[in-house]
Amino acid sequence: MADQTAANGESTIRYDFRAVEARWQQRWEAAGAFTVVEDPARPKYYVLEMFPYPSGRIHIGHVRNYTLGDLVARYKHALGFNVLHPMGWDAFGLPAENAAIERGVHPARWTWENIATMRGQLRGMGLSYDWQREITTCAPDYYRHEQKMFLDFLDAGLAYRRESWVNWDPVEDTVLANEQVIDGRGWRSGALVEKRLLSQWFLRITAYAEDLLAATAQLERWPERVRLMQHNWIGRSEGALIRFPVSGRDETLEVFTTRHDTLFGASFCAIAANHPLAADLAARDPELAGFVAECNRMSTSEAEIERAEKRGYDTGLVALHPFVDGLELPIYVANFVLMEYGTGAIFGCPAHDQRDLEFARAYDLPVLPVVLPPDADAGGFAIGDEAWTGPGSIYNSRFLDGLSIDGAKEAMSLRLEQTGHGARSVTWRLRDWGVSRQRYWGCPIPVIHCPACGVVPVPDSDLPVTLPDDVEFGEPGNPLDRHPTWKHTSCPACGGAATRETDTFDTFFESSWYFARFCDLAEDSAFGREAARYWLPVDQYIGGIEHAVLHLLYSRFFTRALRRSGYLDIDEPFAGLMTQGMVCHETYRDGSGWLFPDQVRRQSDGTVVTVDGGTPVEVGRVEKMSKSRRNVIDPEAIIASYGADTARLFMLSDSPPERDLEWTEAGIEGAFRYLNRLWRSVVELACVAPPHGSPRPGRISAEAQELERRIHKTIRAVGESVERWRFNSSVAFIRELSNALAAAPLSGPGEAWMVRHGYEILLRLIEPMTPHIAEELWERLGGEGMLRLVAWPSFDEELVADELVSIAVQVNGRLRGTIHAPRDSSEEAVRQSALEVSNVQRYLDGAEPRRIIVVPNRVVNLVV
RNA sequence: GCGGACGUGGUGAAACCGGUAGACACGACAGACUUAAAAUCUGUUUCGCAUGCGCGAGUGCGGGUUCGAGUCCCGCCGUCCGCACCA
């Protein structure tokens, strides 16, 4: 039926992208063109784009991300790889609960409706996904498997429970995420947020800290900056633990330091506000308790900490210096010491640490320099407003005197170990991953709390633990906890009355293993081991830089944990990673605030006014598209007015993938015009050129032969630029070929044949970018079968190398002329013709060149 | 503060190994077609001077290495990103 429409005159000439795109999407589906099965006989390639959160509609960042992935998937498929290219939904999360509270929609219904909408939008883009492998993380057939994983991690000692601080909103009676705390207050209630200790589940990611760090160096196909960010996040520090006796108490104060070389410059100790010693003292000291409470209030927001001055509270206790008899170091509770790092206690050496110096000046503590800068003199050197953190030799330090910093660290470590005052130690910035969330719309944590037996895992046979549907929102607290019956159960161990865990998993849990689930949607296991062995690791992962640390690090950890529990045979989930840049747009505002792009119009003189009122609009800088600045473009509107192929082409055209892309109306129109031109050229050619498969004519004009060289050079250039991820260059090469084909003569011997050949090649090259129009034009040119099934073209080495090359002639490195010579001419011949160029002779001015450098086929430089 | 990336026409950019800077586009200008506009097609478009071929300058700024530097090295300026009272 569709073919008959295509055959009628009107639509033959006009590029009717709606009809074309709908037709090919149907055909691909009917043919199962993107369905994939494991095939050990063929090399595999797994392309994965980060799956979206179903927020309601796709945004332009998705369009870019998925266009990039589809190009890679289709290109690799054309090269003969067995390509796995799946898509799914990261479907648990806070926005669904917000919708429930704000609009009274059940999170499940809201989520599933959003998925339906967004799936339709993605289908409209013509992406080559195997939709039979679609996964949705909020479905019990997905999350049951991660409940099992958690129980396996529990067995392996990789999951444990301990108390941890959370942001507590006392009005809503609920835990807040950091992003829900704004200026120290709950985002909805406006109440001052408190810190509360709750028992929570953790995954022992720190057990793999060393391994995760070491392996980042092997991730060769990852962007350097992502590796660096992970490196910094894991944050390995080598140093020493030092135990200071505390005067008048039995316990010692344990301190971690990386500057044990400066121990003789210590003048105080400081502990974190929630250090056990501080808590102990605060119980009998209301003023200290007040200070501790104050520190707890500010510690969530980094900006707040930054602005805060360094403050402390003198506990009255003193620590005894391990090597200086009688030297007493006052112990402060200080707002700049973190309980989460090291031991939550430091010794302060003001002369060689800027924070310690500021603290010492504020509290009038001694500043004794122990590192002498290279050209300073021991008698005159003193610390002013800036601590000395550079190199130098140690002095004022007894057995360390005269040593370098590194030498002193080594000597001090030895002495600490010999005397029992301390030991070498390595500390990590990385902390264990807290996975408990006090929320409804997440995967239930499959354990039961029994008053007699304690924490008891839910037996495998009772999995999955599913969420109840009948929950109430809008009331304070966690709906699961409030539910009248759900949490009440019996203990699997003793049979007595018990309660379910009402916390759910952090949603990073689901995204930490979804890539493996795509390999095989098994019912009775998370994924089949054989399928995982065939497909994993992901060959190319593509997504936003915002996931550079957490999601990617958690997935790397999960893969190791799954290996330990016998699920997998690999360590690293993503062999190649590409982080794409953001999509940006100009911003507009008038007196009333930010304006949407479709509320403004650009006049012929370049000024911008509002569409309705004609009032002037201020054009702001180009920024990442965001709802708050209203500089957003709706992909659906773009696809409706230009088509998916145009949107895809523009996404690839102007900037390389890792760089930010500026969305412009002019840019999308340029892409649209190009596809229209291509359409017209091919449809018109189809009427005059010899049919597809006609034998190559015996006689071919010189122009047509030149065109053939151009065609083969384009095949090479597009292939190489795609391999190098320079898709903007690939588009440029294709457009160059288009220009050459449009300008080529058709009447001479073999010319029409060659132009048809050129367009057939061009369609094969452009198929990964704009697949619908490529398929349609391929068919109209009489191409055999679906273009999807046609292999990537190869080029002829002979045709790619020019017979005649142009060589630059320089005098003293400056361009003075150009000569043409047969490729690979002898140096002598090139030298001779260079000297004959009249302009060159002018510059030589009769002088004999002192030296002549010949770079074959490129350049001759005459030095005088 | 620490770490990193980047800086090329009016704009997005290209130049892969040090070898003819500005491919391909967008925009602008001129012309063709048209009663007219849009669309389409053709041409010009780094800057300055000449405007005929030419001459000079030019890849953030200053220096260096080299026959030759957008590319390598040193110093500076600027923009963006990440991390951070991390002991």
Side-chain angles (χ1 to χ4, degrees), chain A residues 223-233 235-237 239 255-260 262 270 299 302 305-310 334-338 340-349 352-356 358-359 389 427-430 545-546 548-549 582 606 622 650 653-656 658-671 673-674 676-677 680 717 720-721 723-724 726 728-739 742-743 806-819 839 849-864:
Chain A
E224 185 57 41
R225 62 173 175 154
V226 174
R227 282 153 58 176
L228 190 73
M229 280 159 78
Q230 296 218 344
H231 185 99
N232 292 338
W233 187 266
R236 184 179 196 274
S237 307
V255 157
F256 174 76
T257 181
T258 55
R259 290 304 303 271
H260 35 309
T262 64
S299 62
E302 289 163 11
I305 289 170
E306 179 132 1
R307 268 183 264 117
E309 60 172 321
K310 282 148 201 66
N335 64 355
F336 63 93
V337 178
L338 297 177
E340 292 79 13
Y341 189 80
T343 60
I346 64 161
F347 78 78
C349 175
H352 305 293
D353 183 287
Q354 192 59 32
R355 288 155 306 159
D356 294 351
E358 285 170 31
F359 191 80
T389 53
T427 288
W428 305 85
R429 183 186 178 279
L430 183 68
I545 188 72
E546 66 272 20
V549 177
M582 297 179 299
V622 174
F650 176 57
S653 293
D654 272 0
S655 299
E658 69 278 7
R659 211 177 302 180
D660 286 353
L661 173 81
E662 188 191 344
W663 180 279
T664 59
E665 196 67 17
I668 188 83
E669 279 180 359
R673 275 203 301 270
Y674 171 71
N676 275 284
R677 219 178 310 141
R680 269 196 311 275
E720 283 178 359
S721 55
E723 293 286 348
R724 282 168 45 226
R726 306 310 285 245
N728 52 331
S729 295
S730 315
V731 172
F733 295 131
I734 288 174
R735 292 182 79 138
E736 267 184 313
L737 179 58
S738 287
N739 294 343
S806 77
I807 297 175
V809 183
Q810 301 174 334
V811 179
N812 289 334
R814 308 186 72 93
L815 182 68
R816 297 303 178 193
T818 316
I819 56 173
N839 200 32
R850 219 180 42 187
R851 202 177 149 193
I852 300 179
I853 289 120
V854 178
V855 181
N857 300 325
R858 298 213 87 134
V859 79
V860 185
N861 193 8
L862 309 164
V863 187
V864 290

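All chains are named by letter (A, B, ...) in the order of the sequence lines, taking the proteins before the strands, and each is independently numbered beginning at 1.
- Between the C1' atoms of B/rU65 and B/rC74, the separation comes to 11 Å (whole Å).
- For the OP1/OP2 pair of B/rC86 and a distance below 4.0 Å, the side-chain nitrogens and oxygens of A/R355 include at least one atom meeting the criterion.
- Nearest nucleotide to the A/R659 side chain, out of B/rG19, B/rG27, B/rA14: B/rA14.
- Dashed line: the shortest gap from a side-chain N or O of A/R814 to OP1 or OP2 of B/rU20 is not under 4.0 Å.
- Separating the P atom of B/rU46 from that of B/rG9 is a span of 13 Å, rounded to the nearest Å.
- B/rG58 and B/rG64: their P atoms are spaced 14 Å apart (whole Å).
- Counting only N and O atoms by type, the side chains of A/S738 and A/Y674 include a donor and acceptor under 3.5 Å apart.
- For B/rA30 and B/rC24, the P atoms lie 23 Å apart once the distance is rounded to whole Å.
- Between the C1' atoms of B/rG60 and B/rC80, the separation comes to 15 Å (whole Å).
- With a glycosidic angle more than 90° from 0, B/rG75 adopts the anti conformation.
- Phosphate proximity of B/rA14 to A/N728: present, with a side-chain N or O under 4.0 Å from OP1 or OP2.
- Taking atom C1' in both B/rA14 and B/rU59, the straight-line distance is 12 Å, to the nearest Å.
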Checklist entry - In dot-bracket, 5' to 3', how would RNA chain B read with Watson-Crick or G-U wobble pairs under 3.5 Å, [ ] for crossing ones and | for pairs to another strand? => result (((((((..(((......[....)))((((((.......))))))((((....))))..(((((..]....))))))))))))....

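- Between A/R724 and B/rC16 there is no side-chain polar atom (N or O) within less than 4.0 angstrom of OP1 or OP2.
- Phosphate contact (OP1/OP2 of B/rA25, side-chain N/O of A/N739, threshold under 4.0 Å): present.
- Nucleic acid contact class of A/R673 (heavy atoms, under 4.0 Å, all strands): sugar-phosphate only.
- In terms of phosphate contacts, A/R225 brings no side-chain nitrogen or oxygen within less than 4.0 Å of OP1 or OP2 of B/rC81.
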